[in-house]
Number of protein chains: 2
Amino acid sequence: MSGVNPIAIALDAMGGDHAPEMVVRGADLARQRHPHVRFLLFGIESRLKPLLERAPALAQIAEIRHAEDVVRGEDRPSVALRSGRASSMRLAIDSVRDGQAAAVVSAGNTGALMAMAKFVLKTMPGIDRPAIASYFPTSRGESVMLDLGANVNCDANNLVQFAVMGNVFARTVLGVLEPSVGLLNIGSEDQKGSDALREANAFLRDATLPGSYFGFVEGNDIVAGTVDIIVTDGFTGNVALKAIEGTTKLYSDFLRQAFRSSWTAGLGYILARPSLNKVRARTDPRRYNGAMLLGLNGIAVKSHGGTDAFGFANAIGVAVDMLQHGFLDKIRQDLERVSGSAASPAAAAL
Amino acid sequence: MSGVNPIAIALDAMGGDHAPEMVVRGADLARQRHPHVRFLLFGIESRLKPLLERAPALAQIAEIRHAEDVVRGEDRPSVALRSGRASSMRLAIDSVRDGQAAAVVSAGNTGALMAMAKFVLKTMPGIDRPAIASYFPTSRGESVMLDLGANVNCDANNLVQFAVMGNVFARTVLGVLEPSVGLLNIGSEDQKGSDALREANAFLRDATLPGSYFGFVEGNDIVAGTVDIIVTDGFTGNVALKAIEGTTKLYSDFLRQAFRSSWTAGLGYILARPSLNKVRARTDPRRYNGAMLLGLNGIAVKSHGGTDAFGFANAIGVAVDMLQHGFLDKIRQDLERVSGSAASPAAAAL
C-alpha cells in the first residue's frame, strides 16, 4: 500500500453539522499527515468547488464527484436507504463497492450510513451482523469497545464475532500485539448475566484467538483499561460510551468553574496549565473521533457529526490505519481460526 | 416521627470491608446528625461490645443484638438465603419485619441483601419486582437512577413501576417538587429501543404522575441532569453507573498526575486547592453512598462495601430521610394513582 499507488478515500462531503467546509479542511489536514492518500469528495459540486479552490494542495489530490442529494440527520435509515440513492453518502459508499475507493468516511447520520453500507457492501462471510466500534483513552492506554448501537439485541454468536473483530482492531490500529478481551457484564462470576453472555463466555474461554480472554468485566473496567477490547451488545455499549462522554464533560465543566471561582484559583490554573493541557490533549474527544463499521466487505468510518476539521482528519486517519494494516484480510483469517476450533457457540453446543 | 419516639434503625454491623469498626463509627457520626434516632446493632457481641464501650454516647442509644453468623461478600444470594438465617444481615432484616426497627442499613453483599429483604419483607402490593436505586451529582444538581442491578430483564410494567418509585424518591429525599422522568434508550425517537421501552414510553406519556415525563434520554443525559429520574433495566443501569464511577476515578487520577508532574503545577494546585476541594466535596462518592432497595414492605439501604464511617453515616441518613418523608406511604398512593389511570401498560394495551 505504500509509495507508488496512492490510497483513494471516499469522503461524504455533505455529512456532519459543519459540512462541507469542515470535511474539506479535514481532508486538507489529513493530506499532510498521510502523503500517499488521495480523496474522492462526494457532494454538491457548486458548493465544493470554491472550497477546493481555496485549498490548492488538496485540490491536486482530490476529485469532486457530484451528488445532488444529501441524507439529513433526522432521516430514518429505511427512508435514507430507499430514497437516498443519489445522496453524497450513498455514492461515496458505492465507490468503495466499485473499487474506486478503498474506504469511506462520513460524519453524517449513523443509522443511514450503517443501513446503506450494509446494503451496498454486504456483510462479510462469517459475520452475522456488522457492529460499530470506537476506541478511547483509559488509565493504561487505549481500549476499543463494540457494539455501540448497531444491534440492540445480540446472541452469543454475535458477541463472539465482535470479539474477533475487536481483537483485529486492537492488534492492527492500536498496535497491541496480544490484546485481552472482556465481555461486559454486571458481575465477574460465571453465572451472571444473560444466556447469550454466559454462552459467549464459555466459548471464548476455549477459543484460540491471538492474545487472551479475560472473562467478564464491569462498567468501571471500561476506562480502567482492564482489557483492550470490551465486547457488548449495541444497547449497553451505546449507553456506556455516552455515559463516559457525559461524565468527561461534567468534570471538565466542574474544573472550569473551580478555576474561575477565585483569583487565586485562576492563578493556580495558569501555573498548572501546561500539565493540564497534557491531560486535555490525552483525553481530547477529537483524538478519538472515528467509529468503525466492522464486519462489512469494505472499510467504513463514521466521524462524530459535530466534529471539526481536526477531528475529521483523525477519522480519516483511522480509515488509513485500517487499510495499511490489511484489516479486512486479518478479520477473515481470524474468523477461520475461530471457526476451525468449534465453528460457533451454537455449533459447539450441539 | 419527630420528637418523642426515636426512630430505630437496624444495622448489619458485620457487613462491609471494614466492618464492624466502620459501622460503629458510622453510627456514631449519624447519631450526631440525627438526634432522634436509635440503633440496633446486629453482629458478633464479643466484637461489638468493646467498640461500643469506646463510644459512650452511641452506647446510650444503641443496643447490641447478637448474631453468630456473617454473610460473606462471595456468598451467592441463594446460599445466603438458605443458610444465613442466623446472620447479622438476616436478623437485621427480620427486625424490620417484626416492627422492632423502621429500616435496615447494610454494607454487605448486595445480592444476598436483596434476596433476603425480598424474602422477609416481601414485595409491596402493586410492584412486580423491587429495584435498586441510587442518586449522584449532575450538572444541574442530583438525579436518581434505577434499576441498578436487581433485574437483568425488565418488561414495560417493571419500568413504569420503577418510574413511580423513582418519582417518590426524587420528591421526598431529593426535595424536587415536580420531578421529570426519562427512560434510558439509545436515541430519542419514539421507534428506538426494545418493545418494553416503547411500551413503557407510550404509557408514561399518558400517566398522571406528579411532575413530568420527558421521554427517552441517552447515556450522556444521566450526569447532564436532563431529568431527575432515569429509569432503566438493571443490566444497563448497573453498567452505566459503574462506567460513570470509573470515569470519575480516571479523571481524578489524571488530574493528580498532572498536578504532580512539575513544581509549577504543584504550586498551581496549592493556589487552586480551596476551589478544587469544593468540586471534590460536591462529587465525593461517600456523599452519594447508599443505594435504596425500593418496592419492599420496608426501608432497606445498601451502603457501598468499601465505604468508611463517613459514607456509612450517609447511608443511614438516606434511611432516615426516607422514613421521615413517609416514603412507603407515598409510593402506595402513587401506585394507586397510576393504576387508577390505566392499571398498567399491559392492561392499557387490552
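Residue numbering restarts at 1 for every chain, and letters A, B, ... go by the order of the sequence lines. For clarity, every value in this text was computed on a predicted model and none was experimentally measured.
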Between A/Phe235 and B/Phe235, is the ring centroid distance below 6.0 Å? no
Part of A/Leu197 within contact of chain B (heavy atom distance under 4.5 Å): side chain
How far does CD1 of B/Ile244 sit from CG of A/Leu250, to the nearest 0.5 angstrom? 9.0 Å
Which answer fits A/Thr138, side chain, backbone, both or neither, if we ask what part of it has an atom under 4.5 Å from a heavy atom of chain B? backbone
Count the heavy-atom pairs under 4.5 Å between each of A/Asn153, A/Leu148, A/Thr248 and chain B, then report the option with the highest count. A/Thr248
Portion of B/Arg76 that has a non-hydrogen atom of chain A nearer than 4.5 angstrom: side chain
Go through the atoms of B/Asp221 and report whether side chain, backbone, both or neither lie under 4.5 Å from a heavy atom of chain A. neither
Heavy-atom distances under 4.5 Å only: say whether A/Asn277 touches chain B with side chain, backbone, both or neither. neither
Just how far is it from atom CG of B/Asn220 to atom CG of A/Asn238, taken to the nearest 0.5 Å? 9.0 Å
Is B/Glu74 in contact with chain A via its backbone, its side chain, both, or neither, using a 4.5 Å heavy-atom distance? neither
Most heavy-atom pairs under 4.5 Å with chain B, out of A/Val239, A/Thr264, A/Leu184, A/Ile186, belong to A/Ile186
Beyond-backbone contact of A/Asn314 with A/Tyr288, side-chain heavy atoms, under 4.5 angstrom: no
I'd like to know which of A/Gly246, A/Gly234, A/Ala243 tops the heavy-atom pair count under 4.5 Å against chain B. A/Ala243
Comparing B/Val152, B/Thr232, B/Asp233, B/Asn185 against chain A, the one with the most heavy-atom pairs below 4.5 Å turns out to be B/Asn185
With the side chain counted from C-beta on, respond yes when B/Tyr251 and A/Val223 share a heavy-atom pair under 4.5 Å apart, and no when they do not. no
Portion of A/Arg260 that has a non-hydrogen atom of chain B nearer than 4.5 angstrom: neither
Separation of A/Thr247 OG1 from B/Phe136 CZ (nearest 0.5 Å): 9.0 Å
Should the pair A/Lys249-A/Asp253 be classified as a salt bridge under the 4.0 Å nitrogen-to-oxygen rule? yes
Is the shortest side-chain heavy-atom distance between A/Met145 and A/Ile222 below 4.5 Å? yes
